[in-house]
Every structure is written in structure tokens, then in C-alpha cells.
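Everything below concerns the one structure shown next.
Keep in mind that this is a model prediction, so the values were computed, not measured. Both backbone and side-chain heavy atoms feed into the values below; hydrogens, waters and symmetry mates do not.
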Amino acid sequence: MRKFQRISEEKSQEPTKEQLVRYKDFTSLSHKYERLTKRPKKPLYRDPKLFLLLLIIGLMFLLIFLES
């Protein structure tokens with residue numbers, strides 16, 4: 001069994017001056033967060049495989065409606 005020691009000295013939980021300055025600019029912080037969390041998505045028409053699939057489905061519907 002492990003023996004743990006409790007440290008009685010409590011360190012302050014206050015951020016340092018450097019951390020305050022780094023996070024003070026909210027616009028750059030939010031921009032970094034957006035870039036990190038949201039992946040850029042291609043529009044449907046720019047994805048070649050999906051564009052080909054949509055084109056084939058469209059041609060099928062066109063042929064079905066023209067035949068009847």
C-alpha cells in the first residue's frame with residue numbers, strides 16, 4: 001500500500017501576470033478556440049465524390065421524369 005503525504009503549505013491559485021496578459025485579449029483567444037474546435041468544412045459541390053454522386057442521382061431523376 002502506498003503512503004501519501006499531505007503538504008500543508010497552500011499555494012496561491014492566482015494566475016501570474018504573464019497568464020493574465022496572454023488571456024486578456026478575448027478576440028485572439030476566441031479566434032484560437034474557433035480554429036481549434038471547428039474544422040473547416042468544404043461545401044457539398046466542391047467535394048468531387050459527393051458532386052459525382054449528386055450528379056448521378058440528378059440524372060436518374062431526370063430520366064425517370066422524362067420517360068413518364
Side-chain angles (χ1 to χ4, degrees):
M1 189 168 172
R2 293 184 185 173
K3 292 185 179 181
F4 295 100
Q5 294 179 354
R6 183 172 173 239
I7 299 173
S8 61
E9 297 176 15
E10 293 196 23
K11 295 181 181 177
S12 66
Q13 296 292 330
E14 307 255 338
T16 63
K17 295 283 184 190
E18 296 166 351
Q19 290 173 336
L20 286 175
V21 169
R22 186 173 13 156
Y23 294 117
K24 202 168 192 175
D25 187 14
F26 182 73
T27 55
S28 68
L29 182 66
S30 65
H31 179 68
K32 289 177 186 176
Y33 175 77
E34 293 289 327
R35 270 189 25 208
L36 184 68
T37 57
K38 294 185 178 179
R39 293 176 287 152
K41 296 182 180 178
K42 279 186 177 179
L44 293 178
Y45 58 90
R46 290 203 177 166
D47 188 9
K49 292 179 183 177
L50 190 59
F51 181 74
L52 184 61
L53 178 69
L54 291 173
L55 183 68
I56 291 172
I57 291 173
L59 286 174
M60 286 175 38
F61 279 123
L62 181 68
L63 291 174
I64 290 170
F65 285 121
L66 287 179
E67 190 156 326
S68 54

Problem set entry | ILVMFWY cluster membership beyond L52 - transitive side-chain contacts under 4.5 angstrom | I56, M60
Problem set entry | Contacts of E14 that satisfy salt bridge (Lys or Arg N to Asp or Glu O under 4.0 Å) - sequence neighbours left out | none
For this session: Just jot down the side-chain contact (heavy atoms from CB on, under 4.5 Å) partners of Q19, sequence neighbours excluded, or say none.
Result: P15, T16, R22
Seminar exercise, completed: Residue set satisfying side chain to side chain donor-acceptor pair (under 3.5 Å) with T27, at least two apart, ordered chain then number -> D25
Problem set entry | Residue list, side-chain contact (heavy atoms from CB on, under 4.5 Å) with T37, at least two apart or on another chain | Y33
For this session: With sequence neighbours excluded, tell me which residues meet side-chain contact (heavy atoms from CB on, under 4.5 Å) with L53.
Result: L50, I57
